[in-house]
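Since we're looking at a predicted model, the values are computed, not measured. Letters go in sequence order (proteins before strands), and every chain restarts at 1.
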Amino acid sequence: MIKVVFFAKLRESLGTQAIELESTGISTVTDVLDTLHQRYPQWQSELVSTQLLVAINHEMAKLDSEVSSGDELALFPPVTGG
Amino acid sequence: MIKVVFFAKLRESLGTQAIELESTGISTVTDVLDTLHQRYPQWQSELVSTQLLVAINHEMAKLDSEVSSGDELALFPPVTGG
Amino acid sequence: MIKVQTEDFDVNHEYHRLAAKSEAGAIVTFVGLVRDLNLAQTVTALHLEHYPEMTEKSLRRIVQQAKQRWQLIDVSLIHRVGTLTVNQQIVFVGVSSRHRGDAFAACEFIMDHLKTEAPFWKKEHTDSGETWLDANEKDLQAAKRWR
Amino acid sequence: MIKVQTEDFDVNHEYHRLAAKSEAGAIVTFVGLVRDLNLAQTVTALHLEHYPEMTEKSLRRIVQQAKQRWQLIDVSLIHRVGTLTVNQQIVFVGVSSRHRGDAFAACEFIMDHLKTEAPFWKKEHTDSGETWLDANEKDLQAAKRWR
């Protein structure tokens, strides 16, 4: 299983904080996004934002970064702390 | 009269804090230095330092800045505060 | 010293901790405060969300990069989360060094990277409702300067 | 607020004075301290001479230049004179602004110009006697950056 967590405005627009995906057929961040688009077509507009950032196991990652079963993948808008 | 004041290492090497010069024949900072060289040949080595800074009436000045009777001219080494 | 906390911090305490080391010749500190006006809306409060498992790791990495790049004696970084009101302190960065150039550069580097990499998000409460803040193009440019 | 004084200053007091204005989003402070080692000599004390009639005028001009160049809310500048011992505070520069970029730049600009233009001179007391400090080439270069 891959745990996918959402933060801030994205969490609020999706109305959920975390979901779990079967890891079968998933090897990169792009695969995770494709799977989410298929399973949750209503999230399309939020999840196509070119501004979304992604972290894998609490480290910043990219669309082609590898994802494995047991990983925690986080999707969030650009950060605004400080 | 022109008042000439010295600070820090320069004051200590010259052994004096201030002197007064007749303003006759003096129109620039260079004239003041020439007059000092003539009157105090023993100060030669201290007063030819290319690093000396000069202020006229508490504003930084240059060798060709104008000097008039009643002015206070200050000579000092590069500053080292902060 | 890196902390993520809901409580306020004491700038005086943090400053004196940095200044206590006798080799320190320069201390630069930055404090970010909740401003009363943002984009002409009157801000009444600010909510700071973060990604708890990732936040400290992210901040540690930024501080580590600064320590590799400049000669620093010590760095303190405190970032608050939760609900803050106008004029309250959000973030403290304090850097001690032998020389001021290193302290200034490292302190600004840490803030520029925190602003674009550390997983914090601000939601403003204004007279006309709640709004998540958008990222600032100026902040992205500021972080790029250091490459 | 510009002061030249023999007494110590209170960083906490100065910081809170700057932070009290509700439009301030960023406070950057610099403190310079007497280091225990300079050029491998053990420093026991530092004497700071200045040109009393010129000093405040010179500092005011530097702060004025910073205020013309960046959007600042307030600036505090305190420089001590007289005899200081190891680890004591020499100088405080505090800048408040809406945005951090302005506060960082103005604070460093003020220090870089103070170091090359303001009429202060340091004499170090070490185990092997008294020495007037020489000006630092790095400081001259730092001030030139802003032209």
Side-chain angles (χ1 to χ4, degrees), chain C residues 9-16 18-38 42-43 46 73 85-112 114-115 136 138-139 141-143 145, chain D residues 10-16 18-38 42-44 46 73 85-112 114-115 136 138-139 141-143 145:
Chain C
F9 49 81
D10 178 355
V11 170
N12 193 42
H13 176 80
E14 300 307 323
Y15 164 70
H16 284 288
L18 291 166
K21 298 199 181 161
S22 65
E23 68 269 33
I27 315 273
V28 173
T29 71
F30 172 85
V31 178
L33 303 163
V34 182
R35 279 187 289 138
D36 61 352
L37 277 176
N38 193 62
T42 298
V43 175
L46 196 68
I73 294 165
T85 56
V86 167
N87 227 24
Q88 282 199 299
Q89 303 178 140
I90 305 169
V91 58
F92 175 86
V93 182
V95 176
S96 61
S97 180
R98 296 180 69 77
H99 303 289
R100 74 182 185 288
D102 286 359
F104 272 115
C107 191
E108 194 167 13
F109 173 97
I110 289 168
M111 275 310 301
D112 284 351
L114 185 156
K115 282 268 184 183
N136 193 326
K138 224 163 90 179
D139 286 332
Q141 293 307 321
R145 281 186 302 161
Chain D
D10 179 356
V11 172
N12 192 41
H13 176 80
E14 300 308 323
Y15 164 70
H16 283 288
L18 291 166
K21 297 197 180 160
S22 65
E23 68 270 32
I27 317 273
V28 173
T29 72
F30 173 85
V31 178
L33 303 162
V34 182
R35 280 185 290 137
D36 60 353
L37 277 177
N38 192 62
T42 299
V43 175
T44 52
L46 196 67
I73 294 165
T85 56
V86 168
N87 227 23
Q88 281 200 300
Q89 302 177 144
I90 305 169
V91 59
F92 175 86
V93 181
V95 176
S96 61
S97 180
R98 296 181 68 79
H99 303 289
R100 75 183 185 288
D102 287 356
F104 273 114
C107 191
E108 194 167 14
F109 173 97
I110 290 168
M111 275 310 301
D112 283 352
L114 186 156
K115 282 267 182 183
N136 194 326
K138 224 163 91 180
D139 285 332
Q141 294 307 322
R145 281 187 302 162

**OP:** Please state whether the side chain, the backbone, both or neither of C/A20 comes within less than 4.5 Å of a heavy atom of chain D.
**Re:** backbone

**OP:** Could you tell me which portion of C/F30 (side chain, backbone, both or neither) has an atom closer than 4.5 angstrom to a non-hydrogen atom of chain D?
**Re:** both

**OP:** For the pair D/R100 and C/D139, find out whether any cationic side-chain nitrogen is under 4.0 Å from an anionic carboxylate oxygen.
**Re:** yes

**OP:** Report yes if the side chains of D/T85 and D/T44 come closer than 4.5 Å at any heavy-atom pair, otherwise no.
**Re:** no

Original post:
Given a strict heavy-atom distance threshold of 4.5 Å, which part of C/H13 is in contact with chain D: side chain, backbone, both, or neither?
Top reply: neither

**OP:** Measure D/K115 against the heavy atoms of chain C and call it side chain, backbone, both or neither at under 4.5 Å.
**Re:** side chain

Original post:
How about C/R35 and D/E23: do any of their side-chain heavy atoms sit closer than 4.5 Å?
Top reply: no

Original post:
Quick one: does D/E14's side chain get under 4.5 Å of D/T29's, heavy atoms only?
Top reply: no

**OP:** Tell me, for C/A142 versus chain D, whether the close heavy atoms (under 4.5 Å) come from the side chain, the backbone, both or neither.
**Re:** side chain

Original post:
Is there side-chain contact between C/L33 and C/Q88, with at least one heavy-atom pair below 4.5 Å?
Top reply: no

Subject >> Options C/V95, C/V86, C/V31, C/V93, ranked by heavy-atom pairs under 4.5 Å with chain D, top entry >> reply: C/V31

